[in-house]
Asker: 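After the structure tokens below, expect a handful of questions from me.
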Amino acid sequence: MFRKTIEKAGLAEIYEKIQAGERLSREDGLRLLACRDLLAVGYLARLAREHLHGRRVYYVVNRHLNYTNICENRCRFCAYWRPPGDPEGYVISPEEAVKRLSEGPSPREIHIVGGVNPELPYTYYLELLSAIKEAFPRAAIKAFTCVEIDHLARLSGKSVEEVLRELKAAGLACIPGGGAEVFSGRVREKLFPRKIPAERWLEIARAAHRLGIPTNATLLYGHLETHEERVDHLLRIRELQDETGGFLCFVPLPFLPEKTPLRDEVRPTTGFEDLRMMAVARLLLDNVPHLKAYWVFLGVKLAQLALHFGADDLHGTVVEEKISEASGGREAEALSRAGIERLIREAGFEPVERDAFYRPVV
Ligand code: SF4
């Protein structure tokens, strides 16, 4: 039955390629992104997903910490940042961070990101990691996007490799995927001209991979970017992954314009668009093992559906995620372990609690 649906959707050639284990091209990516038969695209992504993970869906007991909202990058799409000296600006001290993270269940993964704060010394970052590592020896610390790592290299006058080595010695286990946004120079110039260019982001990810520090990668879509720019973004991730194998997971993030300066120019993405983007990411990124349905941005209900459109990771139980909350994130609260497992089981999959490296927690 699906064969006919696939043919009718104009995806027969792509289906053949997937069956033969052949890599999809840029043109295939564009065709999939333009396809209005969502179930046909989703079916192909499910084949790819099942080939990699069977019925398994991963989640992690984690915590988020956004240590400062003071940022000098002033990205136009961001509602989170405050300028230095702003009464709403904050910095969380290492002691306070440990105190906040101690509330709730003991995490396996601690996700730490913040603004590019010119007022914080380099030592703050090392102290933050050391204090958290000492208090939570069982948890892997996933901290600081490539944008923050670039800032730390400039701040300390050290090379990226040196900074990464020092952060690793202080407790860093892996690096989150933020800051990639969309690699298009055109969009970067319009929306976040102060942020590091794509080449620098990729160079820092490459350096981390070479030092044995895995990273994630994201795509922020649904603002000014074209389909071509989305596909090119995915292909640059795929290319680097061929070289290093260091990306653990890819995370498509729909842009949430509600509380940003772009709210009058950009309409929020639709569920259709979000599911199709998820599926296309699974199909083009044949060498990135995991694909995350980040429920904090997608909303719990859509994230659950995304499991049928290529996603194999429902992220985590999450407590306190300030960045998406500031942008009008659909759900910035916590999910319990039982709640997340229910979502996975109800969708017909088998929940697997993981650590930061996707090893099952036993
Ligand atoms: Fe700063 Fe990140 Fe917001 Fe850009 S997206 S303004 S770098 S906090």
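Numbering of ligands and ligand atoms starts at 1, following listing order.
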Asker: Suppose I only count heavy atoms of Cys71 and a 4.0 Å limit; which atoms of ligand 1 are within that range?
Answerer: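 In order of number, 1 (Fe), 6 (S), 7 (S), 8 (S).
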
Asker: Can you tell me which portion of Lys195 lies within the under-4.0 Å heavy-atom range of ligand 1? Options are side chain, backbone, both, or neither.
Answerer: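 The side chain, only.
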
Asker: For a quick check under 3.5 Å, do Glu96 and Tyr90 share a side-chain donor-acceptor pair by atom type?
Answerer: no

Asker: Keeping Arg188 on the side-chain end and Ile196 on the backbone end, is there a donor-acceptor pair under 3.5 Å?
Answerer: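 Yes: the side chain of Arg188 pairs with the backbone of Ile196.
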
Asker: Considering only heavy atoms of Arg74, which atoms of ligand 1 have at least one such atom less than 4.0 Å away?
Answerer: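 With Arg74 as reference, the close atoms of ligand 1 come out as 6 (S).
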
Asker: Assess Arg230 against Tyr221: is NZ or CZ under 6.0 Å from the centre of the six-membered ring, and within 45 degrees of the ring's axis?
Answerer: no

Asker: Just heavy atoms, cut-off under 4.0 Å: does Cys75 contact ligand 1 by side chain, backbone, both, or neither?
Answerer: both

Asker: For the rings on His209 and Phe247, is their centre-to-centre separation under 6.0 Å?
Answerer: yes

Asker: Examine all N, O or S atoms of Cys78, backbone included, and report whether one is under 2.8 Å from atom 1 (Fe) of ligand 1.
Answerer: no

Asker: Find all atoms of ligand 1 within a distance of less than 4.0 Å from any non-hydrogen atom belonging to Asn73, and give their numbers and elements.
Answerer: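 Once the distances to Asn73 are compared, the set is 7 (S).
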
Asker: Less than 3.5 Å apart, which donor and acceptor atoms pair up between the side chains of residues 31-44 and the rest of the protein, not counting sequence neighbours?
Answerer:
from  : atom 1 : to    : atom 2 : distance (Å)
Arg31 : NH1    : Gly10 : O      : 3.2
Asp37 : OD1    : Leu39 : N      : 3.4
Asp37 : OD1    : Ala40 : N      : 3.1

Asker: Can you see whether Phe183 has Arg236 sitting over its ring - NZ or CZ less than 6.0 Å from the centre and within 45° of the normal?
Answerer: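 Verdict for Phe183: a cation-pi partner in Arg236.
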
Asker: Can you list the ligand 1 atoms lying under 4.0 Å from a non-hydrogen atom of Trp81?
Answerer: 6 (S)

